[in-house]
Amino acid sequence: MEPIAIVKGIAVPLTRPDVDTDAIIPKQFLKSIERTGFGKNLFNDWRFVEGDPSRPNANFVLNQPRYQGAQILIAKGTFGIGSSREHAPWALTDYGFRCIVAAAFGDIFYNNSHKNELLLARIPADAVERLMAEVQEHEGCELTVDLPAQTVTSPAGLSISFDIPEDTKRRLLEGLDDIAITLRHQADIAAFEERRKSTHPWL
Amino acid sequence: MGKTIIEKIWDDHAVAEDGGQTILYIDRHLIHEVTTPQAFAGLKQAGRTVRRPEATLGVIDHNIPTIDQDKPIADPLAALQVETLRKNCAAHGIELFQIGDPRNGIVHVVGPEQGLTQPGMTIVCGDSHTATHGAFGALAFGIGSSEVEHVLATQTLLQKKPKTMRVQVEGSLNDSGGAITPKDVILALIGQIGVGGGVGYAIEYAGDVVRGFSVEGRMTLCNMSIEAGARAGLVAPDDKTVAYLKGRPHAPQGEDWEAAVAYWRSLPSDPDAAFDRTVTLEADALAPQVTWGTNPGMVTAVTGKVPDPNQESDPTKRATIENALEYMALSPNTPITSIAIDKVFIGSCTNGRIEDLREAARYAKGNRVASRVTALVVPGSGLIKRQAEAEGLDRIFNEAGFEWREPGCSMCLGMNPDILQPGERCASTSNRNFQGRQGRGGRTHLVSPAMAAAAAIAGHLIDIRGIEPAELD
Ligand code: SF4
């Protein structure tokens, strides 16, 4: 993994609350056996008229010229509920997002994202509203998400702390790979398995 | 202070701590074709192997057609995913149930059926409905593909201990004559606590109503924990659990059986155990539940009406209701029972087991599916299909005009050819009514199997409490 420290860029406000992973990347795109290439179908059924990639839906926020090149997504409610598909963070990062700001995230989505260099910043719901209002009001508004400082800051002077587990933060800052961390405990795992053979022989 | 069942299982599987996370040992890993190709590719790229192939089982369920399973899959992308799983299982010595093997079926149906799911285990699968296995008193949860790779490589996961929630279902369903099912209970719970209500928690379902449910019913209940936001939901093992498991192909045998049962009996939460949150659901007053919107928390009693956004003072909530009604093409205050449907889907890991099919068959028997409706019955596994056929349920469904299919996930997520067309409305026994879930532009109303079957006959949503179901032979 590449380390993440600071994400600065255009932020897109997604006003629909409780966005599910089926909406982030619909099931017809889950047949790939690759990890890449999902960005073109991100939010497919909202982004394109009748789901047809040749007909962008001008009303959908991602298609508005002012939000092109965005790296930060601000969302309402609990973002990333539903299916465990890791294709959701794959699609978001493939599209170009590096950070999502919301009041809450689906549990599995939360884990998946942090394994894919996508930073999730959890801030209070009223702060989501204030950030969104500023971004909507000022075209080209760039937010800064600072992982070491755990803050989201805006040009108008908002500075909001976000919450992230200490170990997740460290892994993101250092770009650590989970499997490599766990494999440092190989001896513990082997000992555990040995012990269980005697205490739970049927397993 | 005593421990909850969740803490007991957690502590029994904690291998080590690392930087605030626990390395949690995983007893059982179930895999399927859609969320594993990238995991195996990552494993190969890093030069790693599968630590315990014998603790892993593969099934093929998400994208397979439910007709002509003896023929090659026509969709080249689906065929490639299935072939990739075959190759990966073969290369790593993992057992895989092939398409057409009667033991194959939906991953969360197969695990329990084979006795692979046992109390006290940690069980994971790259699918969010893994909580289904919690019905046996296992800590079971869905994971992403990177975590699948982690489990393949290490037989463990790096996890944070979840908070604990006890959901106490009080009262009695005895007066409902079977009309109120575990599906109605879980839908009502999600309506009560919301789709984010369980985020960060593992749930223990308790109370007389839950004890009274069969093991299959408990699976329906635990299955939809994720729709309440919780990764895991479980029910403490009891005599019913033990009886269900006895003699299953992968259940412990002989001396092991006795030792295992003794261990299972030690699992229930201690009387003085404390939960981080307790929620009580009153079951007495429940009516059959129907979702009207685009997430499972948008649910009401079948006797209710589609909500009116103008009655909602919170602007965000009002906009959410308006969006949902627009997508669902419903007007405010429409009585639920006047909503006409085009399709019915009976199946999925939520409601595709034998008891579900029997319940649906009671409302199908001797009736005809309404002329405007297409109705599908998709058993959760090949063994369930056989059992249903042995009981004559296939005949009841066929004679009533339902289509009797081969096992798989089917129209639960529509990765195979079973999908809703834009604008079609479906009464479905599955678990998600998200926009486009069953097909782009499709509209889903989640209901119990009996409610789905009755809707197929009536052509619209209907309260089954006004119908006398047939007896099965
Ligand atoms: S039936 Fe539906 S919810 Fe269950 S495993 Fe299959 S796709 Fe997932």
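Per chain, numbering begins at 1; letters A, B, ... match sequence-line order.
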Fill in the blank from the handout: Rounded to the nearest 0.5 angstrom, the CZ-CD distance for A:R16 and B:Q435 is 5.5 Å
Problem - Side chains of A:E86 and B:S146, donor plus acceptor under 3.5 Å - result: yes
Practice task
Please look at A:E34 and chain B and tell me whether the side chain, the backbone, both or neither of the residue comes under 4.5 angstrom of a heavy atom of that chain.
Solution key: backbone
Problem - chain A contact via B:R28 - side chain, backbone, both or neither, heavy atoms under 4.5 Å - result: neither
Problem - Smallest separation among heavy atoms of B:R437 and A:S83, with atom names - result: NH1-CB, 4.4 Å
Practice task
Measure B:E258 against the heavy atoms of chain A and call it side chain, backbone, both or neither at under 4.5 Å.
Solution key: neither
Exercise for the section: Applying salt bridge (Lys or Arg N to Asp or Glu O under 4.0 Å), name anything that partners A:R195, two or more places apart in sequence or on another chain. Expected result: none
Practice task
Using a cut-off of under 4.5 Å on heavy-atom pairs, state which of A:F109, A:F105, A:W46 scores highest against chain B.
Solution key: A:W46
Problem - Region of B:E149 in contact with chain A, defined by heavy-atom distances below 4.5 Å - result: both
Exercise for the section: Would you please go through residues 172-180 of chain A and name the residues with a non-hydrogen atom below 4.5 Å from one of chain B, in numerical order? Expected result: A:D177, A:D178, A:I179, A:A180
Handout entry: Short N-O contact, A:R196 and B:D12, less than 4.0 angstrom
Key = no
Exercise for the section: Could you check if a side-chain atom of A:K76 sits within less than 4.5 angstrom of a side-chain atom of B:T316, using non-hydrogen atoms only? Expected result: yes
Fill in the blank from the handout: Honestly, the part of B:A14 sitting under 4.5 Å from a heavy atom of chain A is backbone
Problem - A:F192 and B:H13 aromatic ring geometry - parallel, tilted or perpendicular at 30°/60° bounds - result: tilted
Practice task
Locate the shortest heavy-atom distance separating A:S84 from B:S128; write the atom from each residue and the value.
Solution key: OG-N, 3.5 Å
